Structure formats: C-alpha cells, structure tokens
Amino acid sequence: LSFEAEVSFIFAQKDVFQLKDIEKIAPKEKGITSMSVKEILQSLVDDGMVDTDRIGTSNYFWAFPSKALHARKRKLEELESQFAESSRKKEALQKSIEKSKIGREDTAERAALIEELAALQQKKEQLKAEIDKYRECDPDVVQEMRQTNKVAKEAANRWTDNIFSIKSWAKRKFGFEESRIDKSFGIPEDLDYID
C-alpha cells in the first residue's frame, strides 16, 4: 500500500506507537506487510509526515491530521515563493536580452566590424606566437635565468664544500685514503668548485 495508507492509519488512531505496535497493527488494518513497515515509517519520518522521539530505549511514532495539513501548506507556500522568484528572474533575463539586442541588429556595417574583429584577433595570436619565439631574449627572462643560475651555482659549491669537509673528516678519523673514499661513494676524481 501507499505511504498515504500508512499515514492515514496513524492519523486515524490519534495515538502514539512503538515500532513493534505498528508492525502488528498495520498488516491487519491496512494490509501492509510487517517487513516493509519499518522502511515506510522511516520514509514518512524523513518526509516530515510522521514525528518520532526516543524515550529511554524505545522509539515512539505519532502523526496528527493537522501536522500533514500544515506541512502541505508550508510546502505550497515554499513552491509559490520559488515560482514567484523564478518568474522575476525570467522577466529580468528577458529584459536583459531585449536590451542587449539594441545596437546589434544585423547590418552590413556590423558584419564588416565583426569580420575586422576576427581578423585582428587572429593577427594578435600570430604576433603573440612570434613574441613567444623570442622569449629567451627578453631581459626579464634573461635576468631570471641569471638569478636561477646563481642560486644553483651557490648550492652546488655548498654541497661540494660539504663533500670535501666529510672527506677530510673521514681521512683524519679513520685514516682512509682519498681515492678509497671517492671510489666507495662514487665521487668523481675531478670534483671541484664551480667558477
């Protein structure tokens, strides 16, 4: 049976029920299978047509005819408000469309201007591509590359210094030969600072 059948059953009783009570009574009164009562009841609670509250360890359910009437009334008011708002938006958009059409009538002059605009945009893209070809000659880009190179050079020299310090420490502490340290750790023989 429909949700309305379940609600009308609860409305008719004008009482408060536990789930087990509804599961016993609903099949007899409305022919609703006891297996689907809980699911239907949860849907009614979710839709706000049936109230529920937990008292102690039990859940209680109830619904009075006035609640459904008020719920439908609120829903109707909400839908009417949405409809009015949508109508206002539609009217404003219609006015905006009409306003934007002014001065955009299809004329030979407008068509020529649109064609000229398209040609200028294409030329702009070509010039931009040409500029991008010579980007590496841009003074700002060159300066940025110089700065990046300087930072990289300083970092490389700092690590080279660290390697030399560790090699010196290892030679003093353990008496290793420099060639043995280089070979063990894969350090090139010609490792040196970058000028």
Side-chain angles (χ1 to χ4, degrees), residues 1-107 110-111 113-115 117-118 120-122 124-125 128-129 131-132 135 138 140-141 143-145 147-148 150-152 154-155 158-159 162:
L1 288 175
S2 68
F3 289 168
E4 284 74 22
E6 179 71 15
V7 174
S8 65
F9 159 70
I10 295 174
F11 286 164
Q13 303 301 314
K14 295 183 183 175
D15 203 350
V16 176
F17 300 93
Q18 288 186 351
L19 177 61
K20 63 181 179 181
D21 298 332
I22 297 173
E23 285 176 336
K24 287 179 190 173
I25 299 168
K28 294 176 193 170
E29 296 284 327
K30 293 294 179 179
I32 299 168
T33 63
S34 59
M35 301 294 282
S36 62
V37 169
K38 187 174 183 179
E39 182 183 319
I40 292 171
L41 200 52
Q42 187 57 52
S43 295
L44 293 168
V45 169
D46 293 344
D47 292 342
M49 301 199 58
V50 172
D51 289 315
T52 185
D53 202 357
R54 185 174 192 86
I55 301 172
T57 58
S58 302
N59 287 327
Y60 291 90
F61 300 91
W62 68 93
F64 300 118
S66 61
K67 177 168 179 60
L69 177 65
H70 290 301
R72 287 187 182 116
K73 202 175 203 181
R74 276 195 309 276
K75 186 68 174 173
L76 179 62
E77 288 170 358
E78 181 184 321
L79 291 171
E80 285 173 346
S81 172
Q82 289 175 359
F83 178 74
E85 182 63 28
S86 296
S87 295
R88 280 194 294 275
K89 284 182 181 177
K90 180 185 174 191
E91 191 176 315
L93 288 171
Q94 200 65 40
K95 285 179 182 177
S96 177
I97 290 169
E98 293 302 322
K99 188 177 180 182
S100 66
K101 284 182 180 178
I102 297 170
R104 294 182 182 207
E105 295 82 14
D106 288 334
T107 62
R110 186 169 191 274
L113 288 172
I114 289 173
E115 198 174 303
L117 176 64
L120 289 171
Q121 285 174 336
Q122 186 177 3
K124 177 186 170 189
E125 290 302 318
K128 189 176 178 191
I131 288 171
D132 285 345
R135 189 171 188 277
D138 183 346
D140 292 338
V141 173
Q143 181 60 34
E144 186 179 325
M145 287 170 65
Q147 184 62 31
T148 302
K150 181 181 174 190
V151 169
E154 289 171 357
R158 186 171 50 251
W159 280 104
N162 291 343

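Because the structure is predicted, anything quoted here is derived from the model rather than measured. These values consider heavy atoms only, across backbone and side chains, with no hydrogens, waters or symmetry-generated copies.
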Please find the pair of heavy atoms, one from Gln18 and one from Phe61, that lie closest to each other, and give the distance.
C-CD1, 4.4 Å

Tell me every residue that passes side-chain contact (heavy atoms from CB on, under 4.5 Å) with Leu113, counting only those two or more places apart in sequence or in another chain.
Glu109, Glu116

Spacing of NZ belonging to Lys20 relative to CG belonging to Asn59, to within rounding of 0.5 Å
12.0 Å

Specify the closest pair of heavy atoms between Val16 and Trp62, including all atoms of both residues, with the distance to one decimal.
CG2-CB, 4.0 Å

Within this structure, what is the NZ-CG distance for the pair Lys124 and Leu117, rounded to the nearest 0.5 Å?
10.0 Å

Counting N and O atoms only, with roles assigned by atom type, does the side chain of Ser58 sit under 3.5 Å from a partner on the main chain of Arg54, one being a donor and the other an acceptor?
no

If you count the non-hydrogen atoms of other residues, nucleotides and ligands that lie under 6.0 Å from CD in Glu98, is the total more than 12?
yes

Arg110 meets the side-chain contact (heavy atoms from CB on, under 4.5 Å) criterion, sequence neighbours left out, with Arg104, Asp106, Thr107, Ile114

Applying the side chain to side chain contact (heavy atoms under 4.5 Å, CB included) criterion to Leu76, which one of Glu80, Glu78, Arg74, Lys73 satisfies it?
Glu80

Can you check whether Glu144's main-chain N or O pairs, donor with acceptor, with Thr148's side chain at less than 3.5 Å?
yes

N/O donor to acceptor pairs below 3.5 angstrom from side-chain atoms of residues 82-92, sequence neighbours left out:
{"residue": "Glu85", "atom": "OE1", "partner": "Arg88", "partner atom": "NH2", "Å": "2.6"}
{"residue": "Ser86", "atom": "OG", "partner": "Gln82", "partner atom": "O", "Å": "3.0"}
{"residue": "Ser87", "atom": "OG", "partner": "Phe83", "partner atom": "O", "Å": "2.9"}

